[in-house]
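The structure appears right after this line, and notes come after that.
Here is how names work: the chains are called A, B, and so on, in the same order as the sequence lines, proteins then strands, and each is numbered from 1. Note that the structure is predicted; figures quoted are calculated from it, not measured.
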Number of protein chains: 2
Amino acid sequence: MDERREPTMRDVAALARVSTKTVSRVINGLPGAGPEVVERVRAAARSLGYRPNLTASSLRRSDKRSATIGVLFEDLSNPFDSALLRAVEDRARQNGVLVLAGSSEDEPLLQRELLESLATRRVDGMVVMAVGGHQDALQQERERGTPMVLVDRPPTFGGTDSVTTTNRDSSREAVLQLADFGHRDIAFLGDRRTLWTSQERYTGYLEGLAHAGLKLREDLVRTDLKGPDAAERATAELLDRDPRPTALFTAQNLVTVGAMRVLRARDLHHRVALIGFDDFPLADMLQPGVTVVRQDVPALGRKAAELVFARIEGDTSPPVHAVVPASLVRRGSGEIRPH
Amino acid sequence: MDERREPTMRDVAALARVSTKTVSRVINGLPGAGPEVVERVRAAARSLGYRPNLTASSLRRSDKRSATIGVLFEDLSNPFDSALLRAVEDRARQNGVLVLAGSSEDEPLLQRELLESLATRRVDGMVVMAVGGHQDALQQERERGTPMVLVDRPPTFGGTDSVTTTNRDSSREAVLQLADFGHRDIAFLGDRRTLWTSQERYTGYLEGLAHAGLKLREDLVRTDLKGPDAAERATAELLDRDPRPTALFTAQNLVTVGAMRVLRARDLHHRVALIGFDDFPLADMLQPGVTVVRQDVPALGRKAAELVFARIEGDTSPPVHAVVPASLVRRGSGEIRPH
DNA sequence: TCCTCCTACGTCAACGTTGACGTAACCAGC
DNA sequence: GCTGGTTACGTCAACGTTGACGTAGGAGGA
């Protein structure tokens, strides 16, 4: 609109009749400026509406910090991702750090591009929910020395911190509870197999069956369900089998919703037990309430942020793999006994 | 970790035995470099793992673009906000622009600080969901010439683009539908009155009553409900009144959920009609399905992004107030007749 | 008194990049 | 052969800021 130039230190310096260096000192609160000069500079800055240029500053500073971190999640519109983003953001704010956010859509190519964009902007660190498959781009970035923390994924390469939840243990717990309630035919419905979390939850399912002395029925296992539609089809097929599974363990929230939809369509929601991994809003309002494994998303995000910041501050201790416990929330659907 | 310095143009130039200016030309794809030189520079850049420093570049460039926009919403973990963020992000990606995101928590002070942080980083533009109350900070920012678009809020000051949904018209439509189904005592439950959207939706409610020839019963109006707890209390009180409202119009999604919770607790969910403003996941899975006014969130975000980008490109046409139509999604709860 | 130390400034160059401008080499045309 | 234009480079300074270092003046001690 108007052709106004942002005022610079030089403008402030001229108005306050001091050198730019003195303005720099005042703005940064460094010693070496007398009280009157400080006041004069402050007044000049205020009257001009001066605001420091962080990009210029970080270019020159010795530490080169941009006070910005990058966050690369799969899909920011997913409640899990956005809750995580919010947690990271809150923690970042405490350090005066802002967050550059992007969605990788589980596309390696997109992840690579976003990574590049973040690097180009010289972020101080990154919190990444890695896409499935090979993670060369991530590893390269890490090897360049960029502080990086993986969330909801373990590193497939060395030297990197990560934060995950108790995928395997909590899945086992869920399956064991179903077994305790008398179920023998417990089906598994999982997300894309390339996702580490999917694999872990499946392993937990197997462990649960083993602990309960149940035999794995391969025909009750459905994986690679991407999105609610696939989940619905898989659920429908499972319910057509003979003998029909009397309980479902759905290993991802969209899968849970898809399965529920089918159970309700067939009026089986009060007869077939269901435990889902990952909580979702209104799970308690359905009939029956949906029993889920709830992840502590704020804790995940906070921990991830704390780890990056520690690395940014120069912490060089060995890489950490933090595990945040999840818990089983019993609401009814997981406490249905076989008929 | 390692004390590696990021390679610069100078390093590339030295290795390719050309001047930095030539490297600049090659990297930016500008003419004035012979084919062999281009190849030599590219090879050198690749072998050093060179990546341009966007902060230095934008400092020097004449347009001073940072290829970054700021997004300031109320709460990024709210599904509405995160869906909006995602839409803005998608549109931004098309322009090679990244998004700096922050939550203002409806706190004027926090908004001011975040605004400052964004300005300090010299973002090219901002998409802001303004906090309630006076918007001096926003206005000042706007007057400095920062391209800015308000989402889900109209500007309270001149010269600024905004994108909103049909709050008033859709609310009226919802109320009219309730009236058509025979309701005379239609309660209103709204969010904080400082929010423009709340006011608009309330006005729509009044218009609906007026069009239907219904008299406003002040005792059926509850506003300033912040969060689901307040909504629950208000709903409980309303249902205690005599005569009891036979229909509820809840003007915000958390309020809708709170109201539903109480209706269910009193087993009135099949007897009292309910229409909520703003859709939410699983609204269709409840019994009865929840009739809502659905906003076209992706369209809102896309439009907002397009407006900022137009301004960034130098569009100086008069400010636009874009309105994205919302639609009534009938799922059952809004189609209950008075008993 | 002189020397030392400290405080409150200022000067200069550099961070990594690009705009403005210079120049050498080459080609076309007369 | 000379002029004029084009191409492919290079040189230099500047973007806004800060680190390194310099200096004038005053305080303090022997």
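Checked by atom type, the side-chain pair B:T146/B:E141 shows a donor-acceptor distance below 3.5 Å.
Across the protein-nucleic acid pair, A:R25 atom CZ and D:dT17 atom C1' stand 13 Å apart, rounded to whole Å. Atom pair B:L59:CG and D:dG16:P shows a separation of 7 Å (rounding to whole Å applied). Between B:R51 atom CZ and C:dG16 atom P the separation is 15 Å, expressed in whole Å. Computed from coordinates, the B:K64 NZ to D:dT17 C1' distance equals 12 Å when rounded to whole Å. Between the P atom of C:dT17 and the CZ atom of B:R122 lies a distance of 20 Å, rounded to the nearest Å. Counting to the nearest Å, the P atom of C:dC9 and the CG atom of A:L30 are 14 Å from each other. Rounded to whole Å, atom P of C:dG19 lies 6 Å from atom CZ of B:R61. Atom-to-atom, CE of B:M9 to C1' of D:dG10 comes out at 15 Å; the value is rounded to the nearest Å.
Each of A:A56 and B:R17 has a nearest nucleotide on DNA chain D; the 5'-most of these lies closest to B:R17. If A:K21 and B:V23 are placed on DNA chain D by their nearest nucleotide, the residue sitting closer to the 5' end is B:V23.
Note that the two end axes of the helix from C:dT1-D:dA30 to C:dC30-D:dG1 enclose an angle of 50°, each drawn from 5 base pairs, rounded to 10 degrees.
Among the protein residues, B:S19 comes within range of the nucleic acid bases, having at least one heavy atom under 4.0 Å from a base atom. Nucleic acid contact for A:G32: base, since at least one base atom lies under 4.0 Å from a heavy atom of the residue. Nucleic acid contact class of A:P31 (heavy atoms, under 4.0 Å, all strands): none.
No donor-acceptor contact under 3.5 Å links the side chain of B:R60 to the base of C:dT17.
Considering only heavy atoms from C-beta on, B:D152 comes within 4.5 Å of B:Q295 through its side chain. Inter-residue side-chain proximity for B:Q111 and B:L138 is flagged as met; some heavy-atom pair is nearer than 4.5 Å. Contact of the A:L72 side chain with the A:L118 side chain is registered, since non-hydrogen atoms from C-beta on lie closer than 4.5 Å.
In this structure, A:E313 places its CD atom where more than 12 heavy-atom neighbours from other residues, nucleotides or ligands lie under 6.0 Å away.
Here the closest heavy-atom approach between residue A:R153 and residue A:L150 is recorded as O-CB, 3.5 Å. Contact between A:A67 and A:D124 at its shortest, heavy atoms only, is N-OD2, 2.8 Å.
In terms of phosphate contacts, B:S24 brings no side-chain nitrogen or oxygen within less than 4.0 Å of OP1 or OP2 of C:dT17. Side-chain N/O atoms of A:R10 include one lying less than 4.0 angstrom from OP1 or OP2 on D:dC15. Applying the 4.0 Å criterion to OP1 and OP2 of D:dT18, one finds that A:S57 has a side-chain N or O inside that range. An OP1 or OP2 oxygen of C:dT18 is reached within less than 4.0 angstrom by a side-chain nitrogen or oxygen of B:N28. Close to D:dG10, at under 4.0 Å from its OP1 or OP2, lies a side-chain N or O of B:T22.
Relative to the side chain of A:V18, the nucleotides C:dT18, D:dG16, C:dG10 differ in distance, and C:dG10 lies closest. Considering only the side chain of A:P52, D:dT17 comes nearest among C:dG10, D:dG16, D:dT17.
B:D136 has no carboxylate O lying under 4.0 Å from a charged side-chain N of B:R112, or vice versa, which leaves the two without a salt bridge.
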